Structure formats: structure tokens, C-alpha cells
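Convention: sequence-line order gives letters A, B, ...; per-chain numbering from 1. From a predicted model like this one, the values you see are computed outputs, not experimental measurements.
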Protein chains: 2
Amino acid sequence: MSTPPRAKAGRPPQIGREAIITASVQVIDADGLDALTMRRIGAELEVTAMSLYRYLPGRAAVLAAVVNRLVVEVRFEVDPQAPWTDALRRFALGYRRMLLAHPRAVPLLATHPVDPTIGHAMTAPALARLRAAGIPDQDGLAAVQSVGCFLTGQALAQVGAPPGVRRPPAHAGAECYEHWFTIGLEAMLGGFQQQLTGR
Amino acid sequence: MSTPPRAKAGRPPQIGREAIITASVQVIDADGLDALTMRRIGAELEVTAMSLYRYLPGRAAVLAAVVNRLVVEVRFEVDPQAPWTDALRRFALGYRRMLLAHPRAVPLLATHPVDPTIGHAMTAPALARLRAAGIPDQDGLAAVQSVGCFLTGQALAQVGAPPGVRRPPAHAGAECYEHWFTIGLEAMLGGFQQQLTGR
DNA sequence: ACCTGAACACCGTTCAAGT
DNA sequence: ACCTGAACACCGTTCAAGT
């Protein structure tokens, strides 16, 4: 949307907005959210922290950009033959795949709002399938929202302990959370099917 | 559990663990998570930041203590006459009441693990009701977990934007989230009823 | 026993200056 | 046009010192 800094004259840029975001995701994946300092991002790009401010107005902007970068990488395919609840299931699995691929970013994703345009684009295929099944957009949106909230909360419980916090020793293993995830998701899907398609 | 510092001799303490936690909750409620610095907590208690370390080993310990303080204040009553799903509903409403009473603490509550003992105590009445209805503890636990995850995710979506982040202008109002919350919760409860009590 | 002052190693961010 | 060095106002945390 806004014009990126162009080299009409003078030196070509050593870095850029996209490179900053990519480096930030790498740092988070490798060392967690706390390690994502402006100085560290700069070091990753062999540049000082101050140069970053040419491309993003501050650390908060970096975090917001990371959230949107991760959300756009969510992918899932809707099977038009399958019942409409399957579209919600596939949305859930696709979103969850992204979350578990970036466990240290989950607290960030959970607490930062997603750009509405990007959020809408992500859920569009699922919503379209519900619409094709005769479900009003208002109800479809509520269902997608609810599934999304459950996903976020579930991923947080599984991997969401913040950077410095030790997980309690009685903490359940990954298999357990996988099981709870399926149980909860299927309950919600079954409930929506009952609610929206009248038993 | 661990013996609190007692004044066997010398000066009586000006502050204490509980006072620190209380002051911390006040700061969060008033000015948000970012405002909760050791120096600020100290100022609230008319003491320097360094004195806090006598009672809690650091900022992370303060945050953990705040989480547990807030979770223990969750209250709900189970109606033994009502269907077992009503116990889950009341648990959800009680938990949600606490979350919405401390909106600026929601990101903290969502990302910090709860002390297992406290967490178990909070959910015990609901679990007991499910057990009385003949639902195995394993299934009951999965249901409670799922409802809790949905609650957390939902509250985050509603109030969870982190301290410095502006909510997007297209953001839905509180009524909308209240509606989505009901829809999602009832779908999940309906699904569990079907799953566990066989339609 | 309890609290403090000074200090250390970090932050994010600004601003004027270099090339 | 792009990048940097120095500086500022903050952090959390330590440690020896006061009373």
C-alpha cells in the first residue's frame, strides 16, 4: 500500500521491510520472543538497530508485521463434496499446523490482532463453503470465530508458556493435547452442525 | 508452603508477599501489563524496587503470583438438579466473569500456566458434577480443558490486544463478542452432550 | 531482619552526523 | 538515500552497605 523506500538515487538499500520480517521470524523460532530485540534483528541482517527504523516505525510494528506474515502462510483446502463442517475442520487443522510450526510465536499470535483484510482472506474458503450450504454469513462468521478462538486457546495451553517460564512438571505431553484438541474441535463441530443444520 | 519471612527479631516488615501481589493486580488493572515494573510496584507500596526481592525472586515470580491470585478468585455454583452440561456452562461463566473483570490481565492469564493445584481446585466442582452423571474423569477433563481453552481464546480476541497496540477500526463491539461467546459455548456444550451422553 | 543506593548490563528510541 | 555513533531514559537485577 504505502510506497516502499525506493533507490531513486544514492546507495541501494542493504535491507528492506520483508527482510526484517523474515529475520524476525527466524529469531523468534530459534530463540523466542524475548530474544527479538531491535539490536538482534539488526545483527541478523548485519546492520545496526537504528537502520530498522527506516522501514518499520518501531518494535511494535515489527511484531504486527510478524503476525501478519505468519497468518498469511496458513493454507487449507476445502473439499466441496464433503459436509460443510469439514470445511471448518480443515480450516482448524491448517491454522493449527501453522501455530505448531512456530510454537514460540503462539503467545504473540494469540495476543496481537490480525489485519482484518488478511484475517478475512484466511477464512474466506471456509466461509464460502458454509454459504454454499445455505448457512447465513452471520452464523458462519460466528462459527469460524469460535473455532479460531478454541484453536488459539488450545495452542496456548500446549506451547504458550511465555519465554522465561518453566512449565509445571505435571504438564501434559503433546499427545495429550493432540487428543484434547480433537475432542474439543469435534464437539464444537458437532454442536454447530446441530445448531445450524437442525440436528 | 514455604515459610514467609517472619519477624523473630529486628524491624517488622513494611511489606509482604500478599501486599506485593495485591499492588501488582491494581497496577495491571489501572495501567496495564507494561506499567507493571518492579520500580512501580515498589512505589505503590512506598518502598524501593529492591525490597521486593526479599519476598519474590523476580518479576517472573510476580507475574506467576498474579496469575494464581486471579484464578483463585473464580467462583461459580453448580446446580445438582440441572443437567451436567449446566455445570460446564457455569464454570465458563464464572471464569469469564473474572477475565472480563481484569481485561488488561487477560494476555497474562492466557500465556502463563496456572499452578496445577489451583487449577484443579477451580474446576473441581464442575468435574464432580460430570462424574456424578457417570462421565469418566478422563472425558470430563477433556471437556473442561476444551471449554477453558475456548474461554481464553475468546477473551483474548475480545480484550486481548497487548498494551501498546491499537485495535483495528473494524473491530467488533462487546455485544458482538458476547453473542459469539454464547454461540460458541453452546455449540461446544451441545457437542459434548452428544459425544458423552450419546445423543 | 529489613530496606536502600549505587552500579551493571541491558532495552527502545531520538537525532545529528557521516558517506 | 541509506546507514551509523552517541546519547537518553528507561528496564531487571546484584551486592555491599546502612539501621
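- Atom P of nucleotide D/dG12 and atom CG of A/Asp34 are separated by 13 Å, given to the nearest angstrom.
- Between A/Leu56 atom CG and C/dG12 atom C1' the separation is 14 Å, expressed in whole Å.
- Electrostatic pairing of A/Arg104 and A/Asp29 does not count as a salt bridge here, judged by no charged N lying under 4.0 Å from a carboxylate O.
- Spacing between atom CG of B/Leu45 and atom C1' of C/dT4 amounts to 15 Å, rounded to whole angstrom units.
- Distance, A/Leu52 CG to C/dC11 C1': 14 Å, rounded to whole Å.
- Across the interface with DNA chain C, nearest-nucleotide mapping of B/Arg39 and B/Ile15 shows B/Ile15 to be the residue nearer the 5′ end.
- The listed nucleotides are C/dT14, D/dC11, C/dC11; the one nearest the side chain of A/Tyr53 is C/dT14.
- Of the N and O atoms on the side chains of B/Arg69 and B/Thr22, at least one donor lies less than 3.5 Å from an acceptor on the other residue.
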- Encoded 5' to 3' (Watson-Crick or G-U under 3.5 Å; [ ] crossing; | other strand), DNA chain D becomes ||.|||||...|||||.||
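- For B/Tyr55, a side-chain nitrogen or oxygen approaches OP1 or OP2 of C/dC3 to under 4.0 Å.
- Atom CZ in A/Arg40 sits roughly 10 Å away from atom P in C/dC11 (whole-Å rounding).
- Within the structure, a side-chain polar atom (N or O) of B/Ser51 is placed less than 4.0 Å from OP1 or OP2 of C/dT4.
- Judged by distance alone, the side chain of B/Arg129 and the main-chain N or O of B/Ala82 form a donor-acceptor pair under 3.5 Å.
- Checked by atom type and distance alone, the side chain of A/Arg39 never pairs as donor or acceptor with a backbone atom of A/Leu36 at under 3.5 Å.
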Just the atom pairs and distances: protein N or O near nucleotides 15-19 of chain D's N or O, under 3.5 Å.
from, atom 1, to, atom 2, distance (Å)
D/dG18, N2, B/Arg11, NH2, 3.2

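- Under a 3.5 Å cut-off, the side chain of B/Thr111 and the backbone N or O of B/Pro107 do form a donor-acceptor pair.
- Between the CE atom of B/Met38 and the C1' atom of C/dC3 there is a distance of 14 Å, given to the nearest Å.
- The pair B/Asp31-B/Arg40 counts as a salt bridge, with a side-chain nitrogen and a carboxylate oxygen less than 4.0 angstrom apart.
- Of the two residues near DNA chain D, B/Pro57 and A/Glu46, the one whose nearest nucleotide lies more 5' is A/Glu46.
- Here the CD1-CD distance, from B/Ile41 to B/Gln26, works out to 11.5 Å after rounding to the nearest 0.5 Å.
- Counting to the nearest Å, the P atom of D/dC2 and the CZ atom of A/Arg17 are 15 Å from each other.
- C/dC10 atom P lies 17 Å from atom CG of A/Leu36, rounded to whole Å.
- Ring geometry for A/Phe76 against A/Phe91 counts as perpendicular: the plane angle is over 60°, on a 0 to 90° scale with 30° as the lower cut.
- For the residue pair B/His102/B/Glu73, the side-chain donor-acceptor check at 3.5 Å is satisfied.
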